[in-house]
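Inspection log for the structure reproduced underneath, given as structure tokens.
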Number of protein chains: 2
Amino acid sequence: MSANTDQAAALRIASGRKPFVEPLRLGERLKQIRLANQWTLEDVSRRTGLARSTLSKIENDQISPTFAAVQKLISGLGIDLPQLLSPPKLQSRTSGRRDLTRSGEGQQHPTPTYEHELLSWQLAQKRMIPFKTIVRARSFDEFSEWVRHDGEEFLIVLDGTIRLYTEFYEPLELEQGDSIYFDSDMGHALVSTSIADAIVLSVCTRGEAN
Amino acid sequence: MSANTDQAAALRIASGRKPFVEPLRLGERLKQIRLANQWTLEDVSRRTGLARSTLSKIENDQISPTFAAVQKLISGLGIDLPQLLSPPKLQSRTSGRRDLTRSGEGQQHPTPTYEHELLSWQLAQKRMIPFKTIVRARSFDEFSEWVRHDGEEFLIVLDGTIRLYTEFYEPLELEQGDSIYFDSDMGHALVSTSIADAIVLSVCTRGEAN
DNA sequence: CATGTTGGTTCACTATAGGAAATAAAGTTT
DNA sequence: AAACTTTATTTCCTATAGTGAACCAACATG
């Protein structure tokens with residue numbers, strides 16, 4: 001193996017192209033991802049269909065996974081290749097900030113059917129945007145239009161019950177305590193189905209154009 | 001992580017939405033690139049160090065190249081993975097996902113003073129990690145250690161009252177509905193000051209976004 | 001303690017990827 | 001048209017990726 005690759009390298013150099021070696025430690029990266037998600041090898045095995053032993057060896061760089069295996073990995077772990085290949089880079093991060101919002105002291109944004117209350121609105125440069133929404137009772141006339149925005153959204157019902165419409169799926173009835181996470185560029189809309197107003201808490205990611 | 005719930009989860013995900021697996025024809029794509037550059041198999045062999053025969057078989061999808069081989073290919077051909085994987089096709093942006101968690105159906109992580117319930121835990125590769133925490137009543141003995149993790153955290157009190165300690169600042173008393181946003185690499189800790197258990201909802205960013 | 005249980009590694013084996021050389025199928029040259 | 005030349009495919013063999021089972025911690029539980 002080493003003799004051959006050496007030769008190959010020599011040839012590549014001779015042909016005028018730099019070897020351009022990837023210093024990538026695939027296994028290590030993979031392990032990072034697995035641990036970040038609190039997954040055990042068994043979990044990953046179930047998700048990908050690869051044997052525990054195989055996964056172990058891949059993580060320890062004892063074998064070079066087949067491309068088919070890599071595909072199973074990226075599909076099973078829900079990542080994409082660029083992500084897999086580029087180790088997490090540090091970013092210049094601001095730190096040590098905090099911003100308190102007392103109940104009801106958020107920034108109010110009333111609209112006909114909703115009342116949005118922006119939380120932690122004094123802090124700029126956040127990665128998440130949290131807000132509370134009051135959905136007017138019995139607002140189940142046709143919603144006018146899908147809401148869409150880049151990124152992801154997490155939503156939990158604090159009070160009342162709502163119906164969440166999302167593009168591509170059937171509507172969902174959500175009651176107090178139910179929560180949902182979705183890609184928010186997928187159209188979505190909210191109506192209240194309870195007698196009283198419904199209250200939901202949402203957190204959106206901010207797009208990465210910074 | 002219980003095997004059963006995990007499996008059920010996998011099933012639910014699978015049934016809720018098509019697994020976005022790439023049905024990619026790697027060989028074909030590779031051949032396109034080769035021909036576009038007017039390269040012969042021999043040329044590519046010289047550039048990559050892979051045998052002509054191997055290349056032929058890869059192009060005809062008779063074998064699934066090893067990841068090491070793929071790396072030789074991308075380096076030798078001077079392309080990058082995304083390019084290789086996305087022909088004229090749209091970039092594989094994950095989108096259109098959604099993951100419902102009914103009240104109380106999150107992934108439970110009990111600890112002495114807290115009970116964490118991970119929400120939307122079935123969805124991998126999220127930018128945010130939402131979870132509900134029950135802080136045991138009267139847990140105001142000294143907290144053992146600061147909690148720290150990269151990124152930012154949003155927190156809102158759903159029930160009870162808590163005291164939030166943060167490094168560099170004085171502690172804060174938070175009551176139902178109060179919320180706070182802070183850089184979570186700053187040490188922080190939570191104790192309950194109410195008679196009943198306190199419930200808080202937290203959302204953390206995950207590190208390493210672009 | 002012994003006795004699971006759980007997460008990870010190692011082992012022995014099978015399946016398959018990768019390489020050298022033979023083969024096929026073109027196009028060139030004479 | 002036969003004798004080369006050039007390029008892709010196939011063959012046969014070796015190296016190695018992938019698997020299930022055994023093995024080994026570390027932790028719980030009786």
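Numbered from 1 within each chain, the chains take letters A, B, ... in sequence-line order.
For the pair A/Trp39 CH2 and C/dG8 C1', the computed distance is 18 Å after rounding to whole Å. One can place NZ of B/Lys72 at 15 Å from P of C/dA17, the figure rounded to the nearest angstrom. As rounded to whole Å, 15 Å separates atom P of D/dT11 from atom CD1 of B/Ile63. A straight line from CD1 of B/Ile58 to P of D/dT10 spans 15 Å, rounded to a whole angstrom. In this structure, B/Leu35 places its CG atom 13 Å from P of D/dT7, rounding to the nearest Å. One interatomic measurement links the two molecules: CD of B/Glu42 to C1' of C/dA26, which rounds to 17 Å at whole-angstrom precision. When the P atom of C/dG18 is taken as reference, atom CZ of A/Phe67 falls 12 Å away, rounded to whole Å. Taking atom CG of residue B/Asp43 and atom C1' of nucleotide D/dT6, one finds them 11 Å apart after rounding to whole Å.
A search for side chain to side chain donor-acceptor pair (under 3.5 Å) contacts involving B/Asp159 returns nothing, not counting sequence neighbours. For A/Glu105, the salt bridge (Lys or Arg N to Asp or Glu O under 4.0 Å) test picks out no residue, with sequence neighbours left out. The side chain to side chain donor-acceptor pair (under 3.5 Å) check on B/Glu175 picks up nothing, with sequence neighbours excluded. By the salt bridge (Lys or Arg N to Asp or Glu O under 4.0 Å) test, A/Glu117 is found to be paired with no residue, residues two or more places apart in sequence or in another chain being considered. For A/Ser45, there are no side chain to side chain donor-acceptor pair (under 3.5 Å) partners two or more places apart in sequence or in a different chain.
Taking 4.0 angstrom as the limit, B/Thr40 places a side-chain polar atom (N or O) nearer than this to OP1 or OP2 of D/dA8.
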Can you tabulate the close N/O pairs, meaning under 3.5 Å, that link protein atoms to atoms of nucleotides 9-14 of chain C?
unit_1 : atom_1 : unit_2  : atom_2 : d
C/dT9  : OP1    : A/Asn60 : ND2    : 3.4
C/dT9  : OP2    : A/Ser56 : OG     : 2.8

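Using a 4.0 Å heavy-atom cutoff across all strands shown, A/Leu50 reaches sugar-phosphate atoms only and no base atom.
In this structure, A/Thr193 contributes its side chain and A/Thr161 its backbone to a donor-acceptor pair below 3.5 Å.
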